[in-house]
Asks: 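Encoded as structure tokens, here's the structure I'll be asking about.
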Amino acid sequence: MEEIASTNEKKMTRFTLTVVVLLALAMFINYLDRGNLATAGPSIKDDLHLTNTQFGVLISAFFWIYVPAQLFAAWLVSKINAYRTLVVGLVIWSLSTMLMGAAESFVTFLVLRVILGLGESASFPATSKLLAQNLPVQRLGFANAMVSAGIILGPAIGTFVGGFLIAYAGWRSLFVIFGALSLLWLVPWLFVTRSLSSEARQLKAAAEPPFRALLGRRELWAASIGHFANNYSFYTILSWLPLYLVKAQGYSLTEMAQLGGLVYVLTAVISLAAGAIADYWMARGGSSNRVRKTFIGSACVISVICMLMCASGDPKLAIAGLLLSSLGFGMGGFNLYAISQTLAGPVATAKWVGIQNCIGNMSGIVAPILTGVMVDATGQFNSAFLLAALISTLGFFCWTVGIRRVDPIRW
């Protein structure tokens, strides 16, 4: 028994010190590549003569397949394991990113954005499965915060470095270079996880609850709608921040890169700090329910305030709101998945996150298009930010009232 316990402890240590870092790096690459279009938006929009609505459709197209493919990715995790599912997804999305550098028309971009969504759909079901399967509940905070930091730093580096790269080498170079660099992640991942992936294939899989059992849970629907609400504000910022800063606030491309990058870097730092605090709080006796709801509820309130500041029309107040939004995104991001991993447990996490991410990321379809339509109709972003504030209010009630307790469900 002691030998088995020692083996399990070594496996957990090996996973904790290596794989979580690589998972965070994979998410960094994921959001770097999906955010390239927003970073290059001002140049692509002018070069291809796109309307705001067309640009919104291009942003949205990513989610047309990304959303339903979450369920397929969850199924694939159960068939070939999470390690290998992530490899397949990254290869697909990296190649599609590189090809965008050669796109000459709206239709070509549209097709490649759909393919990008297919590849990136593997990320969250696979990542959440690996974390829930290998880490105890009280250590999910910082692990998810690392992944969340990767999610945020992707757009940060993409906006900051990408803005300068576009200014000096053109927007096409951004897609080719970032797509090629993404493939390099496969080298350390395959080396580090070869034995872990082999062990996962040899282990007899525990019986998973069917999709219908998950769909009958109130907690899943509350988490999914809450996820949609959190993502709506995030995707509004992620998709439109560069264009908003350049077109509405009059910033240059390099100034946009600096300010946009600062918002994302602050979010990543806050996420890591909040994740560490959450784990420390739980280690000192705080319940999963109290810790998770405190962080996610506070994040929703901050999001409402920030979106109202941006909707005010005052340039200084709007920029302050964007900077403050980093606090809400940092506190909320890692909890979206820590809550689902806790509720679903190791057995059901891939399917749960597949469903939750499917519903939650429908905001990625709706937010970019609605924002584009509103900007075209009114000539300003105020109404789009007001809508984001209302949706964040809905999210607060879903997370704090819709979910009675954040405790593991017995399947």
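Quick note: residue numbers are just sequence positions, from 1. Owing to the predicted nature of the structure, the values given are computational and were not obtained by experimental measurement.
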Asks: So N36 and F178, side chain to side chain contact (heavy atoms under 4.5 Å, CB included) or not? Walk me through it.
Replies: CA-CA 9 Å; N36 286 340; F178 282 7; 3.2 Å; yes
Asks: Quick one: does L308's side chain get under 4.5 Å of F385's, heavy atoms only?
Replies: no
Asks: Can you name the side-chain contact (heavy atoms from CB on, under 4.5 Å) partners of I92, sequence neighbours left out?
Replies: V88, I115
Asks: Check whether the ring centres of H227 and Y337 lie less than 6.0 Å apart, and answer yes or no.
Replies: yes
Asks: Run the side-chain donor-acceptor check on residues 145-156: report pairs under 3.5 Å with partners two or more places apart or on a different chain.
Replies:
unit_1, atom_1, unit_2, atom_2, d
S148, OG, S271, OG, 3.4

Asks: What distance do E120 atom CD and Q70 atom CD have between them, rounded to the nearest 0.5 Å?
Replies: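 If we round to the nearest 0.5 Å, E120:CD and Q70:CD are 10.5 Å apart.
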Asks: Using modelled atom types and a 3.5 Å cut-off, is there a donor and acceptor pairing between side-chain atoms of K129 and backbone atoms of P346?
Replies: yes
Asks: Just grab all the side chain to side chain donor-acceptor pair (under 3.5 Å) pairs involving residues 19-28, residues at least two apart or on different chains.
Replies: none
Asks: Under the 3.5 angstrom rule, does the side chain of R292 hit a backbone N or O of V406 as a donor-acceptor pair?
Replies: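 Such a contact is absent between R292 side chain and V406 backbone.
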Asks: Show your working on side chain to side chain contact (heavy atoms under 4.5 Å, CB included) between W352 and N357 and close with a plain yes or no.
Replies: CA-CA 8 Å; W352 183 294; N357 227 35; over 6 Å; no
Asks: Does W189 have any side-chain contact (heavy atoms from CB on, under 4.5 Å) partners at least two apart in sequence or in another chain, and if so, which?
Replies: V19, L22, L23, Y83, L86, V87, L130, W185, T193
Asks: Taking atom CZ of F106 as the centre, report whether more than 12 heavy atoms of other residues, nucleotides or ligands fall under 6.0 Å from it.
Replies: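 Enclosed: over 12 neighbouring heavy atoms sit under 6.0 Å from CZ of F106.
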Asks: Applying side chain to side chain contact (heavy atoms under 4.5 Å, CB included) to L394 and L390, what does each step give before you reach the verdict?
Replies: CA-CA 7 Å; L394 171 65; L390 287 173; over 6 Å; no
Asks: Would you indicate whether W281, at its atom CH2, is surrounded by more than 12 heavy atoms from other residues, nucleotides or ligands within a distance under 6.0 Å?
Replies: yes
Asks: Verify the neighbour count for atom CZ of R284: are there more than 12 heavy atoms of other residues, nucleotides or ligands below 6.0 Å?
Replies: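 At most 12 heavy atoms, drawn from other residues, nucleotides or ligands, come within 6.0 Å of this atom.
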Asks: Run the ring-centre check on Y235 versus F63 and record whether the distance is less than 6.0 Å.
Replies: yes
Asks: Check whether any side-chain heavy atom of R34 sits under 4.5 Å from a side-chain heavy atom of Y66, and report yes or no.
Replies: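 Side chain of R34 against side chain of Y66, heavy atoms only: contact under 4.5 Å found.
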Asks: Assess whether side chain to side chain contact (heavy atoms under 4.5 Å, CB included) is satisfied between F228 and C398, documenting all intermediate values.
Replies: CA-CA 10 Å; F228 176 94; C398 286; over 6 Å; no
Asks: I need the L387 CG to T236 OG1 distance, nearest 0.5 Å.
Replies: 7.5 Å
Asks: Would you say W93's side chain and L116's backbone share a donor-acceptor pair under 3.5 angstrom?
Replies: no
Asks: For F109, which residues count as a side-chain contact (heavy atoms from CB on, under 4.5 Å) partner, sequence neighbours excluded?
Replies: L37, I44, L48, L58, M100, A103, W171, F175
Asks: Give a yes-or-no answer on whether the side chains of T97 and S94 include a donor-acceptor pair shorter than 3.5 Å.
Replies: no
Asks: Taking atom types as modelled, is there a side-chain donor on S128 or T349 under 3.5 Å from an acceptor on the other?
Replies: no
Asks: Please set out all donor-acceptor pairs under 3.5 angstrom arising from side-chain atoms of residues 325-334, sequence neighbours excluded.
Replies:
unit_1, atom_1, unit_2, atom_2, d
S325, OG, L322, O, 2.4
S326, OG, L323, O, 2.5

Asks: Would you confirm whether N81, through its side chain, and V77, through its main-chain N or O, come within 3.5 Å as a donor-acceptor pair?
Replies: no
